[in-house]
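Input: a single structure, listed below in structure tokens.
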Amino acid sequence: MLRIYNSLSKKKEEFIPNDPNHIKFYACGPTVYNKIHIGNARAFISADLLAKILKGIYSKVTYVCNITDIDDKIIDAAKEENLSIKDISTKYFNQYQEDTALLGISKPDIQPFATDYIDDMIAYIEKLIASDNAYEKDSNVLFRVSSFPNYGCLSDRKLDEHESGSRVKVEDFKESPNDFTLWKPSLDDDPGWDSPWGRGRPGWHLECSVMSESTLDIPFDIHSGGNDLKFPHHDNEIAQTCAYHGNEDPTSFAKYWVHNGFLNLEDEKMSKSLGNVIYIDQLLKKYKGNEVRLALLSTHYRQPIPWSEELLDQSHNIYVKLQNAFKKYGEIEEKFHADSKIAEILMDDLNTPLAIRTMQDLVSEPNENIKNEIATFKYIFEGSNQDLSLSDEQVNEINELVKERDDARNSGDYDRADKIRDKLSKMNVSIKDVNGKTEWEIL
RNA sequence: GGCUGAGUGGCAGAGUGGUUAUGCAGCGGACUGCAACUCCGUUAACAUCGGUUCGAUUCCGUUCUCAGCCUCCA
């Protein structure tokens, strides 16, 4: 039985699917305007974790993760890099695919692109206007928040309490400061599509309402995203979709809402302005994909992760230790065994830290079910497609040096032996003398 | 100000109404030409103040602190 914390009820709940024969899960994906960083990766890995567990339990699961390929940030990036919008979004989409695969994140079943749904979005807006839930002003179309009484139900925000902390400048085309954009005009050199309100482009929140419903139909089971998306993004999605269908109940859209926590660097939020952004492609030059994955899963998904070198080194140690322990059992196929201890722990609101701890316990005191435990562990915590193999040439070079060192040791020339060991360690090769034999591995 | 979450040993992080994980680091030892690896042993914690209780780190309440959101953001 899967239990999951539902942001809508603010409680850990038993997961009861709308249809156990077909589980539907939608996660908010990337805006492809830059390389993904470690914080983005955490969100994608959390969604991947949940998708993997769902797929382990249920026979049919459709996991959708959208790609935002039209957005002001993309327009800015295109100007900066002097590329077309399409080139920018393609470039960073490809990088996203590559980086996530290296972290063992499986491809979603469906990856809808926002720009493929512009016509649907326009039709959606027309209906919202017709039902008086939206209005046009100066070529902008805005959602009229006051028309949806349950607005803010996810984040528990009340509209009239909003003023005190508000720092946002209210554009004069808005009836109310909380109204949000469904459609906005594009300047001549900005990308745009023809619409009843002139040439323009969709607001950000709209795409998820349109694409989730188009790909999964509503109600679907789970909607996930980063904690920061709760408000306004997800509350806006709920308002749009519910208003569109004339239904006030947010569960008529998605039943469970799942949000992951952030990642802190030295007690600071990672941000471009602080210059402390860690990109995945850089990180993977030093650590293996599975190690980074383990590090990201070593904290419960709802808690903030204090990210540090130390955490990565620790994850490296645990990873190596477990790999060595697993070797004893030969090849084990990655597979989710729902009756294993590891699975049971994960099904309690995705308790990955406890699962990691338990796996360590289990290998130190194996039980007869250990192979299923390992299979389940590998299914969740491994799966990076990173190619760690060396060329034949490199392997030969290392073997030769190792042999030279052994010869030196056998003849008592320890100075020379140690020099060779230093040389190997500079090549990131670590030496172990085990039972008279010399083993080596790449760090 | 509002909403949400959290405060456990040097660090990370589970868990529990009484026997107080685990990993890393530290310390001691075995092994080693020296290391590394491995193994054995070991130090050390439960934010604050009250309450309930025979007994609370664990339950209830107070206080304090921290983080995120309330503005694009994973």
Side-chain angles (χ1 to χ4, degrees), chain A residues 5 7 10 27-31 33-34 36-47 71-73 76 152 154-170 177-178 204 224-235 259-264 267-273 277 294-296 298-322 324 345 351-361 364 408-410 412-415 417-418 421-422 424-425 430-436 438-441 443:
Chain A
Y5 182 90
S7 303
K10 281 128 204 109
C28 284
T31 301
Y33 72 106
N34 201 340
I36 65 166
H37 60 246
I38 189 67
N40 297 319
R42 150 106 118 156
F44 305 143
I45 236 166
S46 300
D71 182 273
D72 288 359
K73 291 193 291 291
D76 292 343
L154 177 63
S155 60
D156 269 344
R157 262 165 246 264
K158 308 209 170 29
L159 289 179
D160 44 350
E161 284 173 3
H162 242 237
E163 318 297 319
S164 57
S166 181
R167 281 166 282 167
V168 69
K169 180 178 157 270
V170 181
N178 295 298
W204 172 45
S224 83
N227 220 220
D228 56 327
L229 260 38
K230 212 185 273 179
F231 187 89
H233 186 55
H234 288 163
D235 261 321
H259 295 94
N260 65 272
F262 265 41
L263 179 146
N264 298 331
D267 293 327
E268 271 184 332
K269 181 174 169 174
M270 182 167 63
S271 77
K272 273 197 195 160
S273 54
V277 179
L294 193 64
L296 283 166
S298 67
T299 298
H300 185 89
Y301 76 95
R302 282 191 281 122
Q303 297 307 121
I305 300 184
W307 192 254
S308 66
E309 284 281 308
E310 210 181 341
L311 173 68
L312 283 161
D313 291 339
Q314 195 171 311
S315 299
H316 166 81
N317 287 334
I318 293 173
Y319 180 73
V320 170
K321 198 166 186 161
L322 286 176
N324 286 333
I345 288 164
N351 194 343
T352 50
L354 184 58
I356 294 168
R357 175 226 147 155
T358 303
M359 195 65 248
Q360 294 176 79
D361 285 351
S364 67
R409 287 173 72 219
N410 289 335
D413 187 353
Y414 293 118
D415 278 354
D418 290 349
R421 182 168 61 200
D422 287 347
L424 283 165
S425 86
S430 135
I431 294 285
K432 287 180 228 169
D433 298 323
V434 185
N435 297 330
T438 303
E439 292 178 359
W440 60 266
E441 67 169 346
L443 290 180

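Residue numbers start from 1 in every chain, and the chains themselves are labelled A, B, ... in the order their sequence lines are given, proteins ahead of strands.
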For residues 351-359 of chain A, tabulate all N or O donor-acceptor pairs below 3.5 Å that involve a side-chain atom, not counting sequence neighbours.
residue, atom, partner, partner atom, Å
N351(A), OD1, L354(A), N, 3.2
T352(A), OG1, L297(A), O, 2.6
R357(A), NE, D361(A), OD2, 3.2
R357(A), NH2, D361(A), OD2, 3.1
T358(A), OG1, L354(A), O, 2.7

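- Atoms NE2 and OG, from H259(A) and S224(A) in turn, are 8.0 Å apart once rounded to the nearest 0.5 Å.
- L354(A) comes within 4.0 angstrom of the backbone, heavy atoms only, and of no base.
- For the OP1/OP2 pair of rA35(B) and a distance below 4.0 Å, the side-chain nitrogens and oxygens of Y414(A) include no atom meeting the criterion.
- rG13(B) atom P lies 12 Å from atom CH2 of W307(A), rounded to whole Å.
- Between the side chain of R357(A) and the base of rA21(B), a donor-acceptor pair under 3.5 Å is found.
- At distances below 3.5 Å, not a single donor-acceptor pair connects side-chain atoms of N264(A) with backbone N or O atoms of P304(A).
- For N351(A) against rA14(B), a side-chain-to-base donor-acceptor contact under 3.5 Å is absent.
- For the pair T299(A) and rG13(B), the criterion of a side-chain N or O lying under 4.0 Å from OP1 or OP2 is met.
- With hydrogens and angles left out, the side chain of N264(A) and the base of rG68(B) share no donor-acceptor pair within 3.5 Å.
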For RNA chain B, the dot-bracket pattern of Watson-Crick and G-U pairs whose distances stay under 3.5 Å, | for other-strand partners = (((((((..(((.....[...))).(((((.......)))))....(.(((..]....))).))))))))....
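- Rounded to whole Å, the distance from CD on Q303(A) to C1' on rA12(B) is 13 Å.
- Looking at the side chain of N227(A), the nearest of the listed nucleotides rC37(B), rG68(B), rA74(B) is rG68(B).
- Taking atom NZ of K10(A) as the reference point, atom C1' of rC3(B) lies 8 Å away to the nearest angstrom.
- Residue K321(A) has a polar side-chain atom (N or O) positioned under 4.0 Å from OP1 or OP2 of rC24(B).
- Here Y301(A) contributes atom OH and Y5(A) contributes atom OH; the two are 8.5 Å apart, rounded to the nearest 0.5 Å.
- Taking atom CD1 on I431(A) and atom P on rG33(B), their separation rounds to 16 Å, with Å as the unit.
- Residue contacts for Y301(A): at a heavy-atom cut-off of 4.0 Å it reaches no nucleic acid atom on any strand shown.
- With its ring centre under 5.5 Å from that of the base six-membered ring and a plane angle below 30°, F262(A) counts as stacked on rA74(B).
- Atom P of nucleotide rU4(B) and atom CG of D228(A) are separated by 18 Å, given to the nearest angstrom.
- One N or O donor and one acceptor, one from the side chain of Q314(A) and one from the base of rG23(B), sit under 3.5 Å apart.
- Not one side-chain nitrogen or oxygen of N410(A) sits closer than 4.0 Å to the OP1 or OP2 atom of rG33(B).
- Between M359(A) atom CE and rG23(B) atom C1' there is a gap of 15 Å when expressed in whole angstrom units.
- If you check every strand for non-hydrogen atoms under 4.0 Å, H259(A) touches nothing.
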Working for side-chain hydrogen bond (donor to acceptor under 3.5 Å, both in side chains), residues T31(A) and D71(A) | CA-CA 8 Å; T31(A) 301; D71(A) 182 273; 4.9 Å; no
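- Residue R421(A) places no side-chain atom within donor-acceptor reach of the base of rA36(B), judged by atom type and a 3.5 Å distance cut-off alone.
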